[in-house]
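Here is the structure we will look at.
Since we're looking at a predicted model, the values are computed, not measured.
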Number of protein chains: 2
Amino acid sequence: MAGKSTLRDRRRLQTSREIQRAALTLSLRHGHDLVTTEMIAAEAGISQRTFFNYYLNRDTAIVGQAPCFDEETVAWFRASSGPLLADLLQALRQLLNNSDLDRGTSQLIDRLLGTAPELLPIFYGSLRRLRDQIADLAVTRVGEDARSDAELLAEAISHALGDTFRIWANDDAMSADSIVDVAAAKLQVLRGYLAQV
Amino acid sequence: MAGKSTLRDRRRLQTSREIQRAALTLSLRHGHDLVTTEMIAAEAGISQRTFFNYYLNRDTAIVGQAPCFDEETVAWFRASSGPLLADLLQALRQLLNNSDLDRGTSQLIDRLLGTAPELLPIFYGSLRRLRDQIADLAVTRVGEDARSDAELLAEAISHALGDTFRIWANDDAMSADSIVDVAAAKLQVLRGYLAQV
DNA sequence: GCAAATATTGCACAGTATGCATCCTTGTGC
DNA sequence: GCACAAGGATGCATACTGTGCAATATTTGC
């Protein structure tokens, strides 16, 4: 379905993962600030120049490429008329179903974030494309005039999702399907806090 | 009260503002990606090396230094026992009262963000210290076990505050005192969205 | 197989950011 | 006032980041 099957595309995906893995293991071994793009390239078996063909900068290599709604899901959302948050969460469920998450890599990311908190903005920043997409979807419901409100909602959703992602990485008993449910529960906790005025 | 009155400290504050102003005007004139730290230093009348004594990197010079709770406010919060969100908002009111905001600079920031959306993460990132402080305050109420929930709340609050800050910059009729109130209203809109399940 | 499309690489180069030594300015104690 | 300590400003050297360009290699479609 989402499978691009040409040799070129398979290689591209594999190389990007090898780079990420190299960046993660080196950062865990030496500390993120002591790892250079040259070291990462060498570990991944490519040239430094090629590294920059795959990732815009050294930091984003660690968190990999952000997931993204496919057209099908966007179309479903536009056609649906359920409650806003419920539909957004459902779209996210479809997104996570289509993307095959690698728990091993996620664990490495989580462990690195524990030792290098300065990377937290980069981790949450990696969800930016997704966040923007969520905001765009929400805007189709609440109207362009309320875009900044839609962005605030999208920020909260993607943040909760990021947190849950880290929980999932470290809990082998937790299925990928429940990620969105746990994130939704976190959002309801937030709603409770916001009611305490 | 917050006044450090030695010549050294007054100079330091003034220089940091001159650097920020130089960074803003140059970025608005030439486009942010065409402005170098050397240009900023020259415009501010200092050396490039001195630029890096004031700001950690080129981007943060644009948004200036983040505000920060003073000890007094923190002590007040710890002693208070009102509803969580209400107390957090009250602490923010005190924070904004103590810090003298410069609407002119804020306007330049807002205009630049309009032309260079890639700076938005840096703008919201500048609130990070404040966000962490808010989370710490919230943790004293909800407990360490719920830290990630407190951080989600802090993220929402600081995001809403950032949005409101930009509104205030462009609305001369809006008083600084009402910033927190408008942000609180945004948070209630968010609460409404979160209830739509 | 061949030609077009696409990837990889080396190289040059501008810019970022830091450490260090030195010089200059400001605060302090007398 | 003056001398000395503390803290800032600067120049210089240097490691690293990230990009453009041209050359080379690989994949794809036919």
Query raised in the report: With the threshold set at 4.0 Å, does a side-chain nitrogen-carboxylate oxygen contact exist between A/R93 and A/D177?
Result: no

Report summary line: note: B/R10, atom CZ; C/dT26, atom C1'; distance rounded to Å ~ 12 Å

Query raised in the report: To the nearest angstrom, how far is B/E18 atom CD from D/dA9 atom P?
Result: 11 Å

Query raised in the report: Taking side chain as C-beta onward, heavy atoms only, is B/Q94 less than 4.5 Å from B/E72?
Result: no

Report task. Name every residue in residues 41-57 of chain B that has at least one heavy atom under 4.0 Å from any atom of DNA chain C, in order of residue number, or write none if there are no such residues. Result -> B/R49, B/F52, B/L56, B/N57

Report task. Kindly confirm or rule out a cation-pi arrangement of B/R17 over B/Y54, judged by NZ or CZ under 6.0 Å from the six-membered ring centre and within 45° of its axis? Result -> no

Query raised in the report: So, is B/T36 close to the C/dG15 phosphate, meaning a side-chain N or O under 4.0 Å from OP1 or OP2?
Result: no

Query raised in the report: Which distance, rounded to the nearest 0.5 Å, do you find between the CG of A/L24 and the CD of A/Q107?
Result: 12.0 Å

Query raised in the report: Of B/R11 and B/E38, whose nearest nucleotide on DNA chain C comes first from the 5' end?
Result: B/E38

Query - Options D/dA9, C/dT16, D/dC16, nucleotide nearest the side-chain atoms of B/R12 - result: D/dA9

Query - Pair of N/O donor and acceptor under 3.5 Å linking D/dT17 base with A/R58 side chain - result: no

Report task. Provide, to the nearest angstrom, the distance between the CE atom belonging to A/M39 and the P atom belonging to D/dA15. Result -> 15 Å

Report summary line: B/D9 CG to C/dT26 C1', in whole Å, measures 11 Å

Query raised in the report: How far does CZ of A/R21 sit from CD of A/Q14, to the nearest 0.5 angstrom?
Result: 12.0 Å

Report summary line: Separation of C/dA14 atom P from B/H30 atom NE2, nearest Å, is 19 Å

Query - Residue pairs passing the ring-ring contact (aromatic ring centres under 6.0 Å, His included) test where at least one lies in residues 58-79 of chain B, sequence neighbours excluded - result: none

Query raised in the report: Could you give the CZ-to-P distance, from A/R8 to D/dA25, as a whole number of Å?
Result: 16 Å

Requested in this report: Mind calculating the distance between CG (B/D33) and P (D/dG18) to the nearest angstrom?
Outcome: 15 Å

**Report entry** Those residues that, when tested against A/D87, pass salt bridge (charged side-chain N to carboxylate O under 4.0 Å, His left out) (two or more places apart)
**Finding:** A/R141

